[in-house]
Visitor: 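Got a structure for you, questions after.
Numbers restart at 1 for each chain; the letters A, B, ... are given by sequence-line order, proteins then strands. These numbers come from the heavy atoms of this one structure, side chains and all, not from hydrogens, waters or symmetry mates.
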There are 2 protein chains.
Amino acid sequence: MPKDRAPTRIQKKNRAAILEAALNVFSAHGFRGATVDQIAAEAGLSKPNLLYYFPSKEAIHTALLSGLLETWLAPLHDLDADGDPMEEILSYTRRKLQMSRELPRESRLFANELVQGAPRIHDALSQDLRQLVDEKAQVLTGWMDQGKIARLHPYHLIFSIWALTQHYADFDVQVRAILGDEDPFEGAEPFIDTLYRKLLEP
Amino acid sequence: MPKDRAPTRIQKKNRAAILEAALNVFSAHGFRGATVDQIAAEAGLSKPNLLYYFPSKEAIHTALLSGLLETWLAPLHDLDADGDPMEEILSYTRRKLQMSRELPRESRLFANELVQGAPRIHDALSQDLRQLVDEKAQVLTGWMDQGKIARLHPYHLIFSIWALTQHYADFDVQVRAILGDEDPFEGAEPFIDTLYRKLLEP
DNA sequence: TCTTGATTTGACCATCTGGTCAAACTCACG
DNA sequence: CGTGAGTTTGACCAGATGGTCAAATCAAGA
């Protein structure tokens with residue numbers, strides 16, 4: 001294992017390659033379904049070499065998840081209490097949908113973990129995520145109190161945005177099996193936009 | 001392997017026990033994450049005994065999925081072109097949400113499969129499911145043409161119902177981590193009901 | 001260039017896992 | 001009962017998998 005001095009050029013490169021490869025493999029097969037050999041091959045390293053940079057498969061997975069959590073929650077973080085309510089929410093849904101389109105591996109990585117009971121990120125859920133959502137739910141409630149948007153259960157409103165947007169990344173195969181050649185996001189964007197306009201209109 | 005005569009009492013009992021156990025294990029850990037030993041233990045059988053009833057792990061999984069597919073699609077099947085549009089759709093969403101509540105293992109079984117690219121049910125998706133959805137999308141389009149419900153992309157409308165309802169089963173841990181003690185379905189039902197009323201109102 | 005720490009690897013190991021098999025046991029029915 | 005089909009299991013196997021280690025190779029600063 002590399003000493004904990006400043007990382008060398010090679011360390012940076014290889015660590016990045018491993019995490020990139022791990023994202024591919026874990027998101028496609030889940031934790032249990034991924035093998036260290038697979039990740040090593042994808043990263044262009046031998047297995048022992050990979051294990052020189054990360055002490056175990058679990059450690060790679062953990063590093064990956066915690067490294068991506070911030071990215072994943074950024075759009076919700078950016079929901080601004082001082083912005084225009086309708087615009088803020090619509091822009092949040094658009095960013096989330098865009099992330100489904102551009103970062104589907106990340107979405108599936110979390111989906112894989114969640115659908116199996118999130119054994120490795122349960123803490124992050126009930127700590128960081130919960131706190132963030134509590135905070136933003138209050139923002140939503142504030143807007144409802146001011147009559148700026150329709151009164152709805154704020155938590156379920158947030159869940160609905162997650163469900164609608166992540167569905168396109170997580171269940172991509174199903175969506176494409178049904179739509180055929182049509183680009184899912186082409187239709188999804190205006191649909192979701194319309195949905196929230198109608199739903200939130202006071 | 002039992003001969004293909006009429007199944008004996010014991011065969012019925014054990015096959016059922018195996019499928020029940022397999023549903024528990026596969027839905028919680030995915031195909032790769034589940035082990036034959038685990039399923040056997042859960043079914044109260046030894047591993048060789050289990051493999052006397054099903055030739056392989058894969059066979060159990062297949063039997064389970066194809067046996068449940070019908071159940072899973074029944075609510076959409078029942079969407080009646082001759083019924084009242086708004087009532088038909090709302091009752092479909094209610095049934096789907098109820099299934100998330102009462103059959104979460106089934107939902108997660110499919111979710112696990114889909115999120116990993118559905119390697120074992122790709123055919124069912126692009127054949128049976130696609131055909132069913134095509135058919136029901138036409139029903140929806142008909143209602144839109146008649147001005148009975150708002151004009152929307154019919155496929156994305158269906159996706160939205162799947163996403164919103166299955167979210168509560170598939171990502172149960174996340175939902176509960178955020179809601180704490182509150183029953184997710186308590187709030188979800190009126191939320192989803194309101195959502196589709198507002199969305200579909202012509 | 002030389003040295004020293006960083007990097008890489010072939011060989012190896014223990015465990016897990018899906019699956020097999022022959023032998024033993026049980027059950028239903030004549 | 002007795003018997004043959006149906007059922008169960010302990011022992012076993014081959015391959016996959018996560019992980020280790022000593023030895024070899026490489027890179028960069030003195």
Visitor: To the nearest angstrom, how far is A:L50 atom CG from D:dG18 atom P?
Guide: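 The distance from CG of A:L50 to P of D:dG18 comes to 11 Å, rounded to the nearest Å.
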Visitor: Whole Å only: how far is the NE2 atom of A:H61 from the P atom of D:dG19?
Guide: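 Checked: the NE2 to P distance equals 13 Å.
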Visitor: Please determine whether a side-chain nitrogen of the Lys or Arg among A:R101 and A:D183 lies less than 4.0 Å from a carboxylate oxygen of the Asp or Glu.
Guide: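 Looking at A:R101 and A:D183, the cut-off is met.
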Visitor: Round to the nearest Å and state the distance from B:I60 atom CD1 to C:dT17 atom P.
Guide: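 That distance rounds to 15 Å.
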Visitor: Phosphate oxygens OP1/OP2 of C:dT8: is one of them under 4.0 Å from a side-chain N or O of A:N14?
Guide: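 For C:dT8, OP1 or OP2 has a side-chain N or O of A:N14 closer than 4.0 Å.
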Visitor: Take the protein atom CG of B:D37 and the nucleotide atom C1' of D:dT9, then report the distance between them rounded to whole Å.
Guide: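 The distance from CG of B:D37 to C1' of D:dT9 comes to 13 Å, rounded to the nearest Å.
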Visitor: Does B:Q11 place a side-chain N or O at less than 4.0 Å from the phosphate oxygens OP1/OP2 of D:dG6?
Guide: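 No.
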Visitor: What string of B, S and - do you get for nucleotides 20-30 of chain C, 5' to 3', if B is base contact, S is sugar-phosphate-only contact and - is no contact with any protein heavy atom under 4.0 Å?
Guide: BB-----SS--
Visitor: Respond yes when some side-chain nitrogen or oxygen of B:Y52 is under 4.0 Å from OP1 or OP2 of D:dT8, and no when none is.
Guide: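 So the side chain of B:Y52 is outside the cut-off, no N or O lying under 4.0 Å from OP1 or OP2 of D:dT8.
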Visitor: With sequence neighbours left out, write down each residue that passes side-chain contact (heavy atoms from CB on, under 4.5 Å) with B:T62, or none if nothing qualifies.
Guide: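 With neighbours one apart ignored, the set is B:E58.
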Visitor: Using the test salt bridge (charged side-chain N to carboxylate O under 4.0 Å, His left out), find all partners of A:D80 that sit at least two apart in sequence or belong to another chain.
Guide: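 None.
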Visitor: With sequence neighbours left out, write down each residue that passes salt bridge (charged side-chain N to carboxylate O under 4.0 Å, His left out) with A:D181, or none if nothing qualifies.
Guide: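 For A:D181 there are no salt bridge (charged side-chain N to carboxylate O under 4.0 Å, His left out) partners, ignoring immediate neighbours.
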Visitor: Rounding to a whole Å, what distance do you find between A:I18:CD1 and D:dG19:C1'?
Guide: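 Those two atoms, CD1 and C1', are 15 Å apart.
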Visitor: Within a 6.0 Å radius of atom CD on B:Q138, are there more than 12 heavy atoms belonging to other residues, nucleotides or ligands?
Guide: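 For B:Q138, atom CD is not crowded (no more than 12 foreign heavy atoms under 6.0 Å).
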Visitor: With B:K47, which residues qualify under salt bridge (charged side-chain N to carboxylate O under 4.0 Å, His left out), at least two apart?
Guide: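 Once residues adjacent in sequence are excluded, the partners of B:K47 under the salt bridge (charged side-chain N to carboxylate O under 4.0 Å, His left out) criterion are B:D37.
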Visitor: Need to verify one output field. Residue with the more 5' nearest nucleotide on DNA chain C, B:K57 or A:L45?
Guide: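 Comparing both residues, the 5'-ward one is A:L45.
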Visitor: Mind calculating the distance between CD (A:Q38) and P (D:dT17) to the nearest angstrom?
Guide: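 Rounded to whole Å, this separation is 8 Å.
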Visitor: Any salt bridge (Lys or Arg N to Asp or Glu O under 4.0 Å) pairs touching residues 69-79 of chain B, not counting sequence neighbours?
Guide: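 Non-adjacent pairs meeting salt bridge (Lys or Arg N to Asp or Glu O under 4.0 Å): B:D78-B:R95.
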Visitor: List the residues meeting salt bridge (charged side-chain N to carboxylate O under 4.0 Å, His left out) with A:K96, not counting sequence neighbours, and say none if there are none.
Guide: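 In terms of salt bridge (charged side-chain N to carboxylate O under 4.0 Å, His left out), with neighbours along the sequence ignored, A:K96 is linked to no residue.
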Visitor: Does B:R32 have any side chain to side chain donor-acceptor pair (under 3.5 Å) partners at least two apart in sequence or in another chain, and if so, which?
Guide: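 B:R32 satisfies side chain to side chain donor-acceptor pair (under 3.5 Å) with no other residue.
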Visitor: Show every ring pair (Phe, Tyr, Trp, His ring centres under 6.0 Å) that has at least one partner inside residues 75-111 of chain A, sequence neighbours left out.
Guide: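 Output for this query lists A:W72-A:F110.
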Visitor: Find every protein N or O atom lying less than 3.5 Å from an N or O atom of nucleotides 23-25 of chain D, and list the pairs.
Guide:
none

Visitor: Hey, does the side chain of B:N49 come within less than 4.0 Å of D:dT9's phosphate (OP1/OP2), counting only N and O?
Guide: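 Answer yes for this pair, as a side-chain N or O of B:N49 is under 4.0 Å from OP1 or OP2.
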Visitor: Can you list, by residue number, the residues of residues 20-36 of chain B that have a non-hydrogen atom closer than 4.0 angstrom to DNA chain C?
Guide: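 Result for residues 20-36 of chain B: B:A34, B:T35, B:V36, sorted by number.
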Visitor: Please enumerate all residues that pass side-chain contact (heavy atoms from CB on, under 4.5 Å) together with A:R151, with sequence neighbours excluded.
Guide: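 Scan of A:R151 (side-chain contact (heavy atoms from CB on, under 4.5 Å), adjacent residues dropped) gives A:M144, A:D145.
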